Amino acid sequence: DAKTTQPPSMDCAEGRAANLPCNHSTISGNEYVYWYRQIHSQGPQYIIHGLKNNETNEMASLIITEDRKSSTLILPHATLRDTAVYYCIVRASNTGKLIFGQGTTLQVKP
Amino acid sequence: GAGVSQSPRYKVAKRGQDVALRCDPISGHVSLFWYQQALGQGPEFLTYFQNEAQLDKSGLPSDRFFAERPEGSVSTLKIQRTQQEDSAVYLCASSFSNSPLHFGNGTRLTVT
């Protein structure tokens, strides 16, 4: 599975968009980009995933560059409850497991 | 519907004791995963089941760790002769085929 690189921490003002970057320069053609987040004392929560097209759901948007070497998770209107560790993961389509890195700790401030 | 359920939520064991951690996956999910998460770190993969078959156990740190899923539903992670370095949160996840994994809230194991 390809590795990902994320900044260790980011701040965001409440009500503003949070843009979380991820580099995955060694991603291969059959690998998906997944995003999870983990709030203190809870298990990781699925947010969104994509292969090459941009994706949007009720939680977030995922923007994947044309060369697929990087992506950005966008939380359009961050709230204090979005404070969490966000993990960007590359997952092969023919395997089940997720390989987590260190993630980005997002602090949403009032 | 119910999510992934793990029990106990907290477990304290004395060094050398055996422990058993239980995972009830989402009904109908064929894939089940165990992860270990040390304080301040991301979850680390331990093992993976598809139905009752253990297809990948490459992440189990030693032969003291053993996982089973005899009927393809509930799974148990057993740790024999616990050591202090086994202290961590143990997470279980399930999924249907290659759909997103759904995680439980974990069992926090403290070995004293």
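Labels below follow one simple rule: chain letters A, B, ... track the order of the sequence lines, proteins then strands, and each chain is numbered from 1. Only heavy atoms go into these numbers, but all of them, side chains included; no hydrogens, no water, no symmetry mates. These figures come from a predicted structure and were not determined experimentally.
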Toward chain B, the part of A/Q45 with a non-hydrogen atom under 4.5 Å:
neither
Side chain, backbone, both or neither of B/S58 within contact of chain A (heavy atoms, under 4.5 Å)
side chain
A/R16, CZ atom: more than 12 neighbouring heavy atoms under 6.0 Å
no
With a 4.5 angstrom heavy-atom cut-off, which part of B/Q6 approaches chain A: side chain, backbone, both or neither?
neither
Does B/L91 reach the side chain of A/Q38, with side-chain heavy atoms less than 4.5 Å apart?
yes
What do you reckon, is CZ of B/R9 surrounded by more than 12 foreign heavy atoms closer than 6.0 Å?
yes
Say whether A/I63 and A/Y86 are linked into one hydrophobic cluster, either directly or through other cluster members, by side-chain heavy-atom distances under 4.5 angstrom.
no
Checking A/Y46 side chain against B/F103 main chain: does a donor-acceptor pair fall under 3.5 Å?
no
Check the surroundings of atom CD in A/E55: do more than 12 heavy atoms from other residues, nucleotides or ligands lie under 6.0 Å from it?
yes
Here the pair of heavy atoms bringing B/S99 nearest to A/Y34 is C-OH, 4.5 Å
Decide if atom CD of B/E85 counts as having more than 12 heavy atoms of other residues, nucleotides or ligands within a radius under 6.0 Å.
yes
A/F100 and B/Y35: aromatic ring centres closer than 6.0 Å?
yes
Student check: side-chain heavy atoms of A/L98 and B/F33 closer than 4.5 Å:
no
Counting only heavy atoms not in A/L80, do more than 12 fall under 6.0 Å of its CG?
yes
Grouping I, L, V, M, F, W and Y whenever their side-chain heavy atoms are under 4.5 Å apart, do B/L77 and B/F66 come out in a common cluster?
no
With a 4.5 Å heavy-atom cut-off, do A/S41 and B/N105 have their side chains touching?
no
Pi-cation contact, B/Y48 with A/K97 (under 6.0 Å, within 45°)
no
